[in-house]
Visitor: 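Have a look at this one before I ask anything.
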Protein chains: 2
Amino acid sequence: MSISSRFAVGVHILTLIEFNKDGVSSSEYLAESVNTNPALIRKIIGMLKKAELVEVHPGIAGANLAKKLSEITLLDVYKAVNVVPENELFSVHENPNPKCLVGRNIQETIIPILSIAQLAMEKVLGSVTIEDIFEAIVEKEKQK
Amino acid sequence: MSISSRFAVGVHILTLIEFNKDGVSSSEYLAESVNTNPALIRKIIGMLKKAELVEVHPGIAGANLAKKLSEITLLDVYKAVNVVPENELFSVHENPNPKCLVGRNIQETIIPILSIAQLAMEKVLGSVTIEDIFEAIVEKEKQK
DNA sequence: TTGATTGTAATTAATATAGTTACATGTAAC
DNA sequence: GTTACATGTAACTATATTAATTACAATCAA
């Protein structure tokens with residue numbers, strides 16, 4: 001199964017807040033660009049807020065970045081929006097038979113390997129910042 | 001969300017078939033070690049068969065490996081059991097607003113990055129064989 | 001006080017997982 | 001050929017997650 005699009009939407013939101021830094025990024029404004037519902041945006045914004053990536057206040061329209069663009073990585077967003085349980089990208093079957101040689105050793109054998117695979121993926125996300133996304137969009141737009 | 005345990009079960013099955021190479025690895029036998037249902041094992045074995053990792057025949061008890069241990073990687077198993085749609089570990093929201101600068105560029109900007117992250121993870125899986133798992137279990141068992 | 005916005009709970013439809021039952025199909029052995 | 005047994009599948013269930021949506025209390029600015 002795929003990792004929830006909450007992650008991609010989170011990246012979209014943060015990037016758009018920056019492009020709109022001189023305007024007001026309300027949940028309705030952001031929802032229009034993502035093409036979804038303001039309530040969904042508020043839910044994701046709430047997660048980004050808890051992770052201290054954005055600042056937003058009840059009753060006051062608009063969200064703002066809480067950090068510099070270059071200090072927010074895709075990994076930060078990925079962790080903020082909870083798309084993958086900590087260290088459990090791969091699920092492993094519970095209760096293999098301890099009476100079987102394989103059953104009693106399989107978990108401790110494969111979990112470290114799966115963890116390395118997961119970390120390799122997350123390392124890539126950690127190497128890309130929202131600033132990189134911002135700049136890439138500026139470049140792509142120039143070519144149009 | 002996590003990747004289905006079908007993958008871990010597939011690895012378990014293949015490893016156990018090797019340990020039991022002189023015996024008959026029926027779906028019931030394998031199910032007992034995994035601690036699940038024979039029908040579920042047969043479903044997964046069916047996928048491994050389609051990927052030409054095991055040999056199994058209707059009416060004849062037992063599954064056997066179709067390749068050498070060292071020629072089956074975890075990536076082969078991962079692909080065989082269909083736990084992740086091809087090149088779509090990450091799902092991306094559909095139909096972002098083309099009228100918005102970010103909306104019309106976000107997909108083509110992040111998809112290649114997400115793809116690199118996915119490939120980094122899969123590369124790790126491709127570097128580990130069932131033989132490695134087999135040997136690791138032999139070692140772990142010695143220490144008990 | 002009014003009007004607009006955020007925060008959050010509740011609901012729905014669609015989809016995937018994991019477990020289970022049931023049975024048709026296929027094979028070997030008697 | 002009949003019996004016993006195993007595989008291959010379809011169908012069904014319970015559970016969980018996603019994404020979309022509605023509704024409304026709490027909060028703040030004007």
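Here is the naming used below: chain letters follow the sequence lines, and residue numbers restart at 1 for every chain. The model shown is predicted, which means the values in this text are computed figures rather than measured ones.
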Visitor: Where along nucleotides 22-30 of chain C does protein come under 4.0 Å, by heavy atom, of base (B) or sugar-phosphate alone (S), with - for untouched nucleotides?
Guide: B---BS---
Visitor: List the atom of A/Val54, the atom of A/Ile45, and the distance in Å for their closest heavy-atom pair.
Guide: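 A/Val54 and A/Ile45 have their closest heavy atoms at CG2-O, 3.9 Å.
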Visitor: Rounded off to whole Å, could you give me the CD1-to-C1' distance for the A/Ile41 and C/dG7 pair?
Guide: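 Rounding to the nearest Å, CD1 of A/Ile41 and C1' of C/dG7 are 14 Å apart.
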Visitor: Can you name the nearest heavy-atom pair linking A/Lys140 to B/Asn105, along with the distance?
Guide: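 Heavy atoms of A/Lys140 and B/Asn105 come nearest at CB-OD1, 3.6 Å.
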Visitor: Are side-chain heavy atoms of A/Leu69 and A/Thr129 found at a separation under 4.5 Å?
Guide: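 Side chain of A/Leu69 against side chain of A/Thr129, heavy atoms only: no contact under 4.5 Å found.
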Visitor: What closest approach, in Å, do A/Ala117 and B/Leu125 show between heavy atoms, and which atom pair accounts for it?
Guide: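 Taking A/Ala117 first and B/Leu125 second, the nearest heavy atoms are CB-CD2, 3.9 Å.
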Visitor: By a strict heavy-atom criterion of less than 4.0 Å, which residues belonging to residues 83-91 of chain A are in contact with DNA chain D?
Guide: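 Residues of residues 83-91 of chain A under 4.0 Å from DNA chain D: none.
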Visitor: Which residues pass the ring-ring contact (aromatic ring centres under 6.0 Å, His included) test with B/Phe7, sequence neighbours left out?
Guide: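 Expected list: A/Phe90, B/Tyr78.
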Visitor: Strictly below 4.0 Å, heavy-atom distances to any atom of DNA chain D: list the hits from residues 8-27 of chain B, or just say none.
Guide: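 Hits under 4.0 Å, by residue number: B/Ser26, B/Ser27.
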Visitor: Is the count of non-hydrogen atoms from other residues, nucleotides or ligands lying under 6.0 Å from B/Glu52 atom CD greater than 12?
Guide: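 Result for CD/B/Glu52: open.
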Visitor: Nearest nucleotide by nearest heavy atom, which residue falls closer to the 5' end of DNA chain D, B/Ala61 or A/Ser2?
Guide: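 It is B/Ala61 whose nearest nucleotide is closer to the 5' end.
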Visitor: Go along nucleotides 10-16 of chain C 5' to 3' and tag each nucleotide: B for a protein heavy atom under 4.0 Å from its base, S when only backbone or sugar atoms are that close, - otherwise.
Guide: ------S
Visitor: Identify the two heavy atoms, one from A/Val92 and one from B/Ala8, that lie closest to each other, and give their separation to 0.1 Å.
Guide: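 Closest pair (atom of A/Val92, atom of B/Ala8, distance): CA-CB, 4.1 Å.
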Visitor: Residues of residues 101-111 of chain B with any non-hydrogen atom less than 4.0 angstrom from an atom of DNA chain C: list those, numerically ordered, please.
Guide: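 None, since no heavy atom is under 4.0 Å.
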Visitor: Do the side chains of A/Leu119 and A/Leu75 join up, straight or via other hydrophobic residues, at under 4.5 Å, putting them in one cluster?
Guide: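 No; tracing contacts between hydrophobic side chains, which count when under 4.5 Å, never links both residues.
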Visitor: So which heavy atom on A/Asn20 is nearest to which on A/Ser25, and how close?
Guide: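 Heavy-atom minimum between the residues: ND2-OG, 3.0 Å.
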Visitor: If you define the side chain from C-beta out and look only at heavy atoms, does anything of B/Glu71 sit under 4.5 Å from B/Asp76?
Guide: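 No. Closest side-chain heavy atoms not under 4.5 Å.
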Visitor: B/Ile44 has an atom CD1; how far is it from atom C1' of C/dG19, in whole Å?
Guide: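 Taking CD1 of B/Ile44 and C1' of C/dG19, I get 11 Å after rounding.
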Visitor: Transitively linked via ILVMFWY side-chain contacts under 4.5 Å: B/Ile110 with A/Ile3?
Guide: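 B/Ile110 clusters together with A/Ile3.
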Visitor: Got a sec? Which of residues 28-35 of chain B come in under 4.0 Å of DNA chain D, heavy atoms?
Guide: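 By residue number: none to list.
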Visitor: Expressed as a whole number of angstroms, how long is the span from A/Met47:CE to C/dT8:P?
Guide: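 So the two atoms are 11 Å apart, to the nearest Å.
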Visitor: Closest to the A/Asn37 side chain: C/dT21, D/dT22, C/dG7?
Guide: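 Of C/dT21, D/dT22, C/dG7, D/dT22 is nearest to the side chain of A/Asn37.
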Visitor: Scan for salt bridge (charged side-chain N to carboxylate O under 4.0 Å, His left out) pairs involving residues 98-111 of chain B, sequence neighbours excluded, and state none if there are none.
Guide: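 Sorted pair list: A/Glu141-B/Arg104, A/Lys144-B/Glu108.
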Visitor: Check salt bridge (charged side-chain N to carboxylate O under 4.0 Å, His left out) between B/Glu122 and all other residues, then give those that pass, not counting sequence neighbours.
Guide: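 Expected list: none.
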Visitor: Rounded to whole angstrom units, what separation is found between the CD atom of A/Glu55 and the C1' atom of C/dG7?
Guide: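 Nearest whole value for this atom pair: 17 Å.
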Visitor: Using a 4.0 Å heavy-atom cut-off across all strands, classify B/Lys50 as base, sugar-phosphate, or nothing.
Guide: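 Counting heavy atoms under 4.0 Å across all strands, no contact is made by B/Lys50.
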Visitor: Using whole Å, report how far NZ of A/Lys49 lies from C1' of C/dT8.
Guide: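 In whole Å, C/dT8 C1' lies 12 Å from A/Lys49 NZ.
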Visitor: Show me the donor-acceptor pairs within less than 3.5 Å that the side chains of residues 26-33 of chain A make with the rest of the protein, sequence neighbours left out.
Guide:
from    : atom 1 : to      : atom 2 : distance (Å)
A/Ser26 : OG     : A/Tyr29 : N      : 3.1
A/Ser27 : OG     : A/Arg42 : NH1    : 3.1
A/Ser33 : OG     : A/His12 : NE2    : 2.8

Visitor: Which pairs with one or both residues in residues 83-96 of chain A pass salt bridge (charged side-chain N to carboxylate O under 4.0 Å, His left out), sequence neighbours excluded?
Guide: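 Output for this query is empty, none listed.
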Visitor: Do the side chains of A/Ile133 and B/Ile113 get nearer than 4.5 Å, heavy atoms only?
Guide: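 Yes, side chains in contact.
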Visitor: Which other residues belong to the hydrophobic cluster containing B/Ile60, where Ile, Leu, Val, Met, Phe, Trp and Tyr are joined when side-chain heavy atoms lie under 4.5 Å apart, directly or via other members?
Guide: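 The other cluster members (ILVMFWY side chains, heavy atoms under 4.5 Å, direct or chained): none.
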Visitor: Got A/Glu18 and A/Ile130 here, is their nearest side-chain heavy-atom distance under 4.5 Å?
Guide: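 The answer is no; the side chains never approach within 4.5 Å.
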